[in-house]
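Chain identifiers are assigned alphabetically (A, B, ...) following the order of the sequence lines, protein sequences preceding nucleic acid strands; residue numbering begins at 1 within each chain.
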Amino acid sequence: MTMRANPSAILPPTFFDRQAEIVARDLPGRRLVRWLAGKRVALTITETEAYLGPHDLACHAARGRTERTEVLYGPPGTLYIYLVYGLHWMLNVVSGPAGYPAAVLIRGAGELSGPGKLARGLVIDGALNGRCAAPQSGLWFERGGGAQSVIATRRVSVDYAGPRWSARKLRFVLRK
DNA sequence: GCAGTGATCATA
DNA sequence: ATGATCACTGCC
């Protein structure tokens, strides 16, 4: 009989109830856990990006509350998963208080480098959109080491947001 | 360098 | 209904 997760290791909604920038900086080094075909797959998060809210022109919420962005307004720890370029699913976690539309994009974990490859590798798609990051959804986060050194850089592919927002160092990469 | 791919959203 | 855009990837 295997435990799906050590309950005390699971990052609870309160972990995500902080500014997206703080959460994004805190996640590298922690574990992304996926329950797949009766097996636990746990990968160390290597790369994240913060999308700060309606004022952040790179954030989907900057273009208003729509059917797609609705889950961004949900409680912290909600999964926001959407398709981009018709091909790639993006895994995000809603951060900050309920009603405030901000999120953290998980860009890499384990050997999976790049958000599209991460989702594909862990069999993540729109079926998880709007679910809570918890064992019952089959995808959650655990403490792990954390607190290792993290490098902040500019976010990828957000030039459309203009120089002010594309210049912000809101991408966080685990230093090896 | 740039094509593929289709949901989403604004415009009408 | 139509067209532009896109938080990417893989191949040239």
Side-chain angles (χ1 to χ4, degrees), chain A residues 11 15-30 32 34 41 43-133 137 139-141 150-174:
Chain A
L11 298 180
F15 177 91
F16 299 98
D17 191 3
R18 297 178 289 164
Q19 291 179 33
E21 181 169 358
I22 303 296
V23 174
R25 185 171 235 125
D26 200 351
L27 277 173
R30 302 190 184 276
L32 171 61
R34 181 81 169 112
V41 180
L43 302 179
T44 299
I45 294 171
T46 56
E47 187 182 340
T48 64
E49 278 177 359
Y51 290 85
L52 304 185
H55 61 298
D56 174 1
L57 296 184
C59 183
H60 288 170
R63 275 149 294 168
R65 189 167 183 155
T66 66
E67 192 171 349
R68 178 175 71 158
T69 60
E70 189 62 27
V71 304
L72 283 173
Y73 296 79
T78 300
L79 301 175
Y80 172 51
I81 299 170
Y82 66 91
L83 190 68
V84 72
Y85 297 111
L87 294 166
H88 309 293
W89 293 100
M90 301 288 106
L91 169 65
N92 299 253
V93 193
V94 173
S95 298
Y100 188 80
V104 173
L105 171 66
I106 311 299
R107 293 188 55 88
E111 301 306 308
L112 297 171
S113 178
K117 287 187 277 188
L118 171 68
R120 178 179 252 270
L122 291 177
V123 196
I124 291 163
D125 63 21
L128 282 167
N129 187 37
R131 304 289 308 276
C132 180
S137 68
L139 191 158
W140 67 97
F141 298 87
V150 167
I151 299 165
T153 75
R154 295 156 59 118
R155 292 175 292 185
V156 175
S157 298
V158 295
D159 287 350
Y160 63 86
R164 170 182 158 82
W165 285 102
S166 58
R168 288 282 302 269
K169 292 184 175 177
L170 293 171
R171 170 172 172 252
F172 302 97
V173 182
L174 183 67

Exercise for the section: Tell me, please, which residues at least two apart from A62(A) pass side chain to side chain contact (heavy atoms under 4.5 Å, CB included). Expected result: L57(A)

Practice task
Specify the separation, in whole Å, of atom OH of Y160(A) and atom P of dC8(C).
Solution key: 8 Å

Indicate every side-chain donor-acceptor pair of residues 75-83 of chain A with a distance under 3.5 Å to a residue at least two apart or in another chain.
residue : atom : partner : partner atom : Å
T78(A)  : OG1  : P75(A)  : O            : 2.6
Y80(A)  : OH   : H60(A)  : ND1          : 2.6

Between protein and nucleotides 10-12 of chain C, what N or O pairs are separated by less than 3.5 Å?
none

Practice task
Could I get the full list of side chain to side chain contact (heavy atoms under 4.5 Å, CB included) partners for S113(A), not counting sequence neighbours?
Solution key: none

Problem - Test side-chain hydrogen bond (donor to acceptor under 3.5 Å, both in side chains) applied to N92(A) - qualifying residues, sequence neighbours left out - result: none

Handout entry: Length of the line joining R155(A):CZ and dC8(C):C1', which is rounded to integer Å
Key = 16 Å

Problem - Reading 5' to 3' through nucleotides 6-12 of chain B, protein heavy-atom contacts under 4.0 Å coded B for base, S for sugar-phosphate only, - for none - result: B-SSS--

Practice task
Not counting sequence neighbours, which residues clear salt bridge (charged side-chain N to carboxylate O under 4.0 Å, His left out) with R34(A)? List them please.
Solution key: none

Completion exercise
Those residues at least two apart in sequence (or on a different chain) that pass salt bridge (charged side-chain N to carboxylate O under 4.0 Å, His left out) with E49(A) are R107(A)

Exercise for the section: Check DNA chain C against residues 121-129 of chain A and give the residues with a non-hydrogen atom under 4.0 Å, in numerical order. Expected result: none

Exercise for the section: Treat a base pair as Watson-Crick or G-U wobble with both distances under 3.5 Å, then lay out DNA chain C in dot-bracket form, 5' to 3', with | for cross-strand pairs. Expected result: ||||||.||||.

Handout entry: Presence of salt bridge, D56(A) and R168(A), under 4.0 angstrom
Key = no

Exercise for the section: Mark yes or no for a side-chain to base donor-acceptor pair under 3.5 Å between H60(A) and dA7(C), with no hydrogen or angle criteria applied. Expected result: yes

Practice task
Could you tell me which residues satisfy salt bridge (charged side-chain N to carboxylate O under 4.0 Å, His left out) with R171(A), sequence neighbours excluded, listed by chain and number?
Solution key: E47(A)

Problem - salt bridge (charged side-chain N to carboxylate O under 4.0 Å, His left out) partners for R65(A), two or more places apart - result: E70(A)

